[in-house]
Amino acid sequence: MKITVNDEAVEVDDETTVAALLDRLGFPPKGIAVAVDWSVLPRSQWQTTLTEGARVEVVTAVQGG
């Protein structure tokens, strides 16, 4: 199925979870925030299975000032 991650089309399996997607794409396990279909998804819900056409936004925390 096709989803969008940070404005790029990505092909994933039907049973892909948010956590599996992040791992597959090489995002770090900490220091990121995730939104699915414009709603922030708490880390406790990262086992949620994605659906066709889902829009995922991943933001990485940056240190500095």
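If you're wondering where the values come from, they're calculated on a predicted model, not measured in any experiment.
The side chain to side chain contact (heavy atoms under 4.5 Å, CB included) search around Pro28 returns Ile32, not counting sequence neighbours. Residues passing the side chain to side chain contact (heavy atoms under 4.5 Å, CB included) test with Ala19, sequence neighbours excluded: Thr17, Trp46, Gln47.
Atom CG of Leu21 and atom CD1 of Ile3 lie 4.5 Å apart (nearest 0.5 Å).
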Which donor-acceptor pairs under 3.5 Å do the side chains of residues 6-15 make with protein atoms, sequence neighbours left out?
| from | atom 1 | to | atom 2 | distance (Å) |
| --- | --- | --- | --- | --- |
| Asn6 | OD1 | Val58 | N | 2.7 |
| Asn6 | ND2 | Val58 | O | 3.2 |
| Asp7 | OD1 | Arg55 | NH2 | 2.3 |
| Glu11 | OE2 | Met1 | N | 3.0 |

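Within the 4.5 Å cutoff, side-chain heavy atoms of Val34 are placed close to those of Leu22.
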